[in-house]
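Single-structure report; data block below.
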Amino acid sequence: MKEYLQLIFEEASEKLSYLKSINFTFDIPKIESHGDLSSNAAMLLVKQLKKKPRDIAAEIIAELNYDPKIILKIEIAGPGFINFFFSPDFVSVIIKNILYENESYGKSKKYSGRRANVEFVSANPTGPLTVGHGRNAVFGDTVANLLEWVGYSVDREYYFNNAGRQMRVLGDSVKLRYLELLGEKNNFPEDYYQGEYIKDIAKNIFDESGNKYLSEPPEGIFKEKAETQIFADIKKTLERLNIYHKIFFNENSLYEEGKIKDAIEAFKTRNLSYEKEGALWLKLTELGNEQDKVIVKSTGEPTYRLPDIAYHITKFQRGYDLMIDIFGSDHNATYPDVLAGLKALGYDDEKIRVLIHQFVTIMDNGEVVKMSTRKANYITIDQLIDEVGSDVVRYFFNMRNITTHMNFDLALAKKQSDENPVFYLQYAHARIASILKMIEKENLNYSLEDLNLLTSNEEQQLLKKLHQFKNEVLLSAEYYESHRVCTYLEELAAAFHKFYTFCRIIGTEKKLAEARIALSLATKIIIKNGLSILGVSAPERM
RNA sequence: GCGCCCAUAGCUCAAUUGGAUAGAGCAACAGCCUUCUAAGCUGUAGGUUAGUGGUUCGAUUCCACUUGGGCGUACCA
């Protein structure tokens with residue numbers, strides 16, 4: 001619909017050249033009586049033309065050469081909006097396109113040929129994924145889906161570090177539990193990993209090899225076994241959420257391949273670093289940031305900034321047009337340094353999009369649960385999936401804007417899972433599947449012959465919702481906002497349920513019934529496509 | 001102290017990125033199943049968009065300040 005209006009406005013701008021000077025939009029009005037699409041063009045021209053907006057609107061409309069089969073009427077309303085009403089016949093034609101393109105309907109080629117990298121989860125292998133990681137994981141994967149829908153070729157990437165202090169403590173923790181199994185009494189330190197999974201790992205080593213590793217150092221076999229097993233568990237959890245990373249990038253490889261050294265050299269040759277008190281500092285103040293920061297400690301060890309910069313350089317070298325980093329809000333102070341460093345080295349930091357999500361507050365019976373992997377005070381994603389299922393988990397983390405501080409009441413999630421909106425969508429899909437089975441028995445089939453019979457309010461509302469899908473996918477991708485898809489689907493499902501209540505199929509005159517079947521089919525396809533973007537299943541029956 | 005983020009109906013959140021009369025779901029109340037799935041539909045009630053100023057044709061949205069929360073503010077990652 002929007003494309004057609006853009007076309008006739010373009011034609012009109014040959015005569016009304018001022019239309020070329022403004023950036024006007026076509027929006028869907030909130031109120032039905034304001035039409036199907038509305039333009040603000042006239043209001044934007046008030047200053048330039050020094051005329052009343054409503055007069056300008058009239059002037060524009062006079063030059064619009066439109067097909068009355070497509071546009072029913074055009075009105076000027078309010079302060080100067082130009083409202084367009086589409087003809088019912090034109091609106092119903094969309095069914096043909098949806099049925100034809102089926103599971104591809106809604107995809108676009110706008111960004112085809114471009115490559116994107118989405119880095120998400122990126123939790124170090126020190127313990128199971130918790131609900132805290134859930135939002136990051138689900139959102140990241142959905143953003144990746146959205147980018148694919150608008151044409152990007154996307155690589156999902158997981159960045160991890162198996163060399164730091166956390167990992168040393170992990171090895172120590174496993175070794176100590178192992179020694180306990182061998183009968184040694186010890187005081188398990190408070191700042192070691194307290195979780196039961198540490199005991200499981202130790203038990204596995206014990207079962208396989210008995211006391212063979214009694215005098216083995218903790219950073220050897222113990223750390224390795226722990227990492228292998230924890231990573232396997234993390235991948236298994238992600239698999240349950242339908243998340244598959246293509247690349248697991250080990251921070252350590254940056255050292256092994258000399259990327260860290262290269263980055264240091266690059267800063268030095270550009271005179272962007274200096275030594276002070278035995279450490280190497282980056283001249284961030286010259287790059288417009290608050291203060292200079294250390295990139296190599298006086299011990300010779302780099303700080304996290306340096307590998308982060310080197311890591312992103314590899315992404316540039318791998319040729320991505322868009323690089324997305326998904327972080328929790330605890331990282332909000334770190335990325336400006338990294339971006340500034342990259343920019344100073346001549347990389348286009350506009351290609352990097354850092355998406356910061358706010359934390360999820362876990363509540364249980366009205367009390368805040370403080371999460372800590374170290375203290376084994378957490379609720380894992382696996383536990384959550386066991387309780388409510390992966391569809392609910394995916395939908396729940398997608399349905400809110402990532403800028404919100406989300407409350408997750410566990411007691412409520414368990415008890416009231418029936419009230420989750422995801423069931424509302426899945427129910428609509430299952431309902432349609434059920435209708436389709438029923439019409440087979442009645443010897444009915446869909447037909448595209450008489451779509452112009454779909455004139456009732458409920459039918460038209462549903463059709464107009466279907467029209468919005470493609471644009472909604474595009475906007476969701478461009479704004480990196482997966483919750484828009486949820487909001488849209490809930491509106492679509494509501495429109496369908498209304499249609500279902502008021503427009504029956506069986507027992508209706510044949511031609512109308514067949515047109516309604518076609519409409520139902522098209523709705524089913526859109527619900528399924530939308531849910532697939534979110535990574536949520538579309539069941540045939542419930 | 002400073003930086004980033006947030007504040008919308010009793011609760012959880014939307015609002016086409018500056019548009020017209022701020023909308024949904026829960027919860028509350030009143031209705032609708034002998035006919036395609038009632039996990040549904042219809043209706044009622046619920047608001048000074050935290051507060052005060054400003055910017056303009058127009059502000060929940062942008063700016064400033066105030067209040068209240070979250071996360072940071074390391075030669076930790």
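Naming convention: chains lettered A, B, ... in sequence-line order (proteins, then strands); numbering from 1 in each chain.
- In U44(B) the base sits anti relative to the sugar, since the glycosidic angle is further than 90° from 0.
- When the C1' atom is compared between G46(B) and A9(B), the two are found 6 Å apart, to the nearest whole Å.
- At a threshold of 4.0 angstrom between heavy atoms, the contacts of Asn83(A) include nucleobase atoms, whether or not backbone atoms are also involved.
- By the 30° and 60° cut-offs, the orientation of the rings of Phe249(A) relative to Tyr311(A) is tilted.
- Between the side chain of Asp330(A) and the base of C71(B), no donor-acceptor pair of N or O atoms lies under 3.5 Å.
- With both pairing distances under 3.5 Å, A7(B) is matched to U67(B) as a Watson-Crick or G-U wobble pair.
- Residue Ser434(A) has a polar side-chain atom (N or O) positioned under 4.0 Å from OP1 or OP2 of U37(B).
- For A20(B), one of the phosphate oxygens OP1 or OP2 lies less than 4.0 angstrom from a side-chain nitrogen or oxygen of Lys30(A).
- For the C1' atoms, the distance linking G1(B) with C57(B) amounts to 42 Å, nearest Å.
- The same atom, P, is picked in G69(B) and in A59(B); the two are 31 Å apart, to the nearest Å.
- With G3(B), C76(B), C41(B) as the choices, the nucleotide that has an atom nearest any side-chain atom of Lys498(A) turns out to be C41(B).
- Under 4.0 angstrom from either OP1 or OP2 of G58(B) there lies no side-chain N or O belonging to Lys47(A).
- Here His34(A) lies parallel enough and close enough to stack on the base of A20(B), with planes under 30° and ring centres under 5.5 Å apart.
- OP1 or OP2 of A15(B) lies within a sub-4.0 Å distance of a side-chain N or O belonging to His483(A).
- Side-chain N/O atoms of Thr303(A) and base N/O atoms of A77(B) include no donor-acceptor pair closer than 3.5 Å.
- One atom, CD1 of Ile505(A), and another, C1' of U37(B), lie 13 Å apart when rounded to the nearest Å.
- Base orientation of C6(B): anti, the glycosidic angle falling outside 90° of 0.
- A distance of about 14 Å separates the C1' atoms of G47(B) and A15(B), rounded to the whole Å.
- Taking the six-membered ring where the residue is Trp, the centroids of Phe9(A) and Phe26(A) are separated by under 6.0 Å.
- Across the strands present, U42(B) finds its partner in A30(B); the criterion is a Watson-Crick or G-U wobble pair with both atom distances under 3.5 angstrom.
- Under 4.0 angstrom from either OP1 or OP2 of C76(B) there lies at least one side-chain N or O belonging to Lys297(A).
- Going from the C1' atom of U56(B) to that of G19(B) covers 13 Å, rounded to whole Å.
- Checking A59(B) for Watson-Crick or G-U wobble geometry (two distances, each under 3.5 Å) identifies no partner in any strand.
- For Tyr424(A) and C41(B), the shortest distance from a side-chain N or O to OP1 or OP2 is below 4.0 Å.
- Applying the 4.0 Å criterion to OP1 and OP2 of A38(B), one finds that Tyr500(A) has a side-chain N or O inside that range.
- Contact annotation: side chain of Ser298(A) to base of C75(B), donor-acceptor pair present below 3.5 Å.
- Spacing of C1' atoms, A45(B) relative to A27(B), comes out at 12 Å, to the nearest Å.
- Taking atom CD of residue Glu481(A) and atom P of nucleotide A14(B), one finds them 10 Å apart after rounding to whole Å.
- Put simply, OH on Tyr488(A) is 16 Å from P on A15(B), counting in whole angstrom units.
- Comparing G68(B) with A50(B), their P atoms sit 16 Å apart, to the nearest whole Å.
- Judged purely by atom type and a 3.5 angstrom limit, Gln291(A) has no side-chain atom pairing as donor or acceptor with the backbone of Leu284(A).
- Side-chain atoms of Ser38(A) and Asp27(A) include no donor-acceptor pair closer than 3.5 Å.
- Under 3.5 Å, the side chain of Glu442(A) and the base of C36(B) form no donor-acceptor pair of N or O atoms.
- In this structure, Thr314(A) and Leu254(A) have side chains that are in contact, with non-hydrogen atoms separated by less than 4.5 Å.
- The gap from the C1' atom of A22(B) to that of U60(B) amounts to 7 Å, rounded to the nearest Å.
- With both pairing distances under 3.5 Å, C13(B) is matched to G23(B) as a Watson-Crick or G-U wobble pair.
- Taking 4.0 Å as the cut-off between side-chain N and carboxylate O, Glu478(A) and Lys110(A) count as a salt-bridged pair.
- Within the 4.0 angstrom heavy-atom criterion, only backbone atoms of the sugar-phosphate kind lie near Asn401(A); the bases stay farther away.
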